[in-house]
K.L.:
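Take this structure, written in structure tokens, and hold onto it; I'll ask about it next.
Whatever order the structure lists ligands and atoms in, that order sets their numbers, starting from 1.
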Amino acid sequence: MKVKQNNFKKFWKLGIEEYNTNYFDISQDGRLLMKEGNFQYNLYDIIKKYGTPTEIFFPTIIENRVRDLIDTFNAYIKILNYKGKFFYHYPMKVNQNKEFVLPIVADGANLEVSSINELYLVKKMLEQQKLNSKIKVICNGPKNLKYINLINELRNRGVLIVPIIESHNEIKAFLKFNREVGVRVNLNIKTNSHWDKKFNHFGFSEEELLKIGKIKNLSILHYHISSQIEKIDGIIKPLRRAIEIYYKLKVKNPNLDTIDIGGGAGIPYEKKKHFYKLKTLVYQIIKTAKNYSEKLNIKHPNLIAEWGRFVVAPAQITIYKIIDFKPVENKKDKQWYIIDGSFMNDLTDTWAIHQKWHVIPLNYLNNIKKLKKVWLVGSSCDSDDKYTAGGSYILLPDIKECEDLNVVFFDTGAYQDSLASNHCLLSSPLKLAAVNGEIRVIRRRETFEDIGKKFGW
Ligand SMILES: *Cc1c(COP(=O)(O)O)cnc(C)c1O
């Protein structure tokens, strides 16, 4: 019995550290379990009680990932005798839910904001005494007068706040800031990823930045190359390039002491290819920073990473119920399974960037003999509201033999909430948190009244 159970786990790619599924297991009756220390959640029972579509968030996973990230950097700093320090800044845009942000900060993260409204959240944290005075806040994004005023206000209230300068106007705006500032460089280097566009407007080109030369109180050189970078090289090459720029900038900016490598560490969403491990990635980063700065005969820079997706994606799953099915026309071997939610609305990247996900059934997990090749469709009227795993298929049990079939999407904790919408006026899912063996409703399911109001009804 035990051996068989392990086969099912392997088949559905559960219980594997590399895939971030080490917390998940299968019950004797074929249902998905999540294990948090001594606690265990039977996710099917939870759905029976709360209904679908539902997102379940596991703060433990976030906490472990933040700690692991910081510890790994510090461990390699020690092992490789690196003289600079490491600082982790959580980029709030990746998931601004309070229930996500607070544990991240409590576990030692600093913050990075991309807009004035995210900075308002920082102000809220300050006023609610949830902002430890050691937390440093990096401010990215185009800065209008209101944003600049809020930065100044928080600075005057004692927050360690660092504007990242991205234009000539912003240089002028922060001439009287009198505290450390950063500058963003648009590195002349490409990685193979969706966001690494041929042309972009972020920060100064290398040439322009070197022409500017001196920037008052400059301490951080910042860049952000892309997100979901699939190869270690895509992270290491930009770092080398940045160290060269840092070296040249330092001549006129002696207080420059930190390189902020931005976001980009990836998640093995598809659980398919061999994906790099955190340890390997961090080792390469520290080794590169050390070797390169020694080659240029400069002090080892402090390092900042703003990895968001890496920390929060695996901390949430999304569950839908299959409410109907039909054959796919002219594709005899495939069927449409219709879910009670919407990919376009709740997992927007499915539609926007053809994101691939790890998808498994929530129940009937020990019944892998008679699986069907399935394409999933959402409940909106839109022909783009579907998930076919990139024209391939998803393996799910035969719905005709199942009484109540549900599907689980893993790694849905990054970006999807703030991109979510209400196409066809479908409701946003319920959001639950599972902590210390208990289930808490953190966002109730949107009712007709809630959505009607948004549209003036
Ligand atoms: C989006 C963004 C990040 C986070 O990127 P991930 O790929 O989620 O790690 C970090 N820094 C900046 C400036 C960003 O724009």
K.L.:
Quick one: does ligand 1 sit under 4.0 Å from the side chain of His224, the backbone, both or neither, non-hydrogen atoms only?
P.N.:
side chain
K.L.:
Below 4.0 angstrom from a heavy atom of His222, which ligand 1 atoms are there? Numbered from 1 as shown, please.
P.N.:
13 (C)
K.L.:
Once you restrict to heavy atoms under 4.0 Å, what part of Tyr415 touches ligand 1? Side chain, backbone, both or neither.
P.N.:
side chain
K.L.:
Just by distance, with hydrogens left out, do His423 and Asp382 show a side-chain donor and acceptor under 3.5 Å apart?
P.N.:
yes
K.L.:
Salt bridge check: are Arg444 and Asp450 linked by an N-O gap of less than 4.0 Å?
P.N.:
yes
K.L.:
Can you pull out the closest protein heavy atom to atom 11 (N) of ligand 1? Residue, atom name and distance to 0.1 Å, please.
P.N.:
Glu306 OE1, 2.5 Å
K.L.:
Counting each atom of ligand 1 from 1 as listed, which ones have a heavy atom of Arg309 under 4.0 Å away?
P.N.:
6 (P), 8 (O), 9 (O)
K.L.:
With the threshold set at 4.0 Å, does a side-chain nitrogen-carboxylate oxygen contact exist between Arg440 and Glu99?
P.N.:
no
K.L.:
Flag the pair Lys9 and Asp25 as a salt bridge only when some basic side-chain nitrogen lies within less than 4.0 angstrom of an acidic carboxylate oxygen.
P.N.:
yes
K.L.:
With the threshold set at under 4.0 angstrom, would you say His89 reaches ligand 1 through any of its heavy atoms?
P.N.:
no
K.L.:
Going by distance alone, is a donor N or O of one side chain under 3.5 Å from an acceptor N or O of the other, for Arg309 and Ser227?
P.N.:
yes
K.L.:
Can you check whether Trp307 has an N/O within less than 3.5 Å of an N/O in ligand 1?
P.N.:
no
K.L.:
Can you list the atoms of ligand 1 that are under 4.0 Å from a heavy atom of Asn140?
P.N.:
13 (C)
K.L.:
Are any of the side-chain heavy atoms of Thr388 and Lys386 separated by less than 4.5 Å?
P.N.:
yes
K.L.:
Using the ring-ring contact (aromatic ring centres under 6.0 Å, His included) criterion, which residues pair with Tyr320? Sequence neighbours excluded.
P.N.:
Phe343, Phe409
K.L.:
Give the numbers and elements of all ligand 1 atoms closer than 4.0 Å to a heavy atom of Glu112.
P.N.:
12 (C), 13 (C)
K.L.:
Does at least one non-hydrogen atom of Ser114 fall below 4.0 angstrom from an atom of ligand 1?
P.N.:
no
K.L.:
Taking distance alone, with no angle check, do Gly264 and ligand 1 share an N/O pair under 3.5 Å?
P.N.:
yes
K.L.:
Report yes if some N/O of Lys93 lies less than 3.5 Å from some N/O of ligand 1; otherwise report no.
P.N.:
yes
K.L.:
Can you confirm if the aromatic rings of Phe24 and Phe410 lie within a centre distance of less than 6.0 Å?
P.N.:
yes
K.L.:
Does one side chain, of Glu36 or Thr60, offer a donor that lies under 3.5 Å from an acceptor on the other?
P.N.:
yes
K.L.:
Below 4.0 angstrom from a heavy atom of Gly308, which ligand 1 atoms are there? Numbered from 1 as shown, please.
P.N.:
6 (P), 8 (O), 9 (O)
K.L.:
So, 4.0 Å and heavy atoms of Phe310: is ligand 1 close enough to count as a contact?
P.N.:
no
K.L.:
Which of the numbered atoms in ligand 1 are under 4.0 angstrom from any heavy atom belonging to Val94?
P.N.:
8 (O)
K.L.:
How about Lys248: does its NZ atom have over 12 heavy atoms from other parts shown lying under 6.0 Å from it?
P.N.:
no
K.L.:
Which residue and atom name correspond to the protein heavy atom nearest atom 7 (O) of ligand 1, and how close is it?
P.N.:
Ser227 OG, 2.4 Å
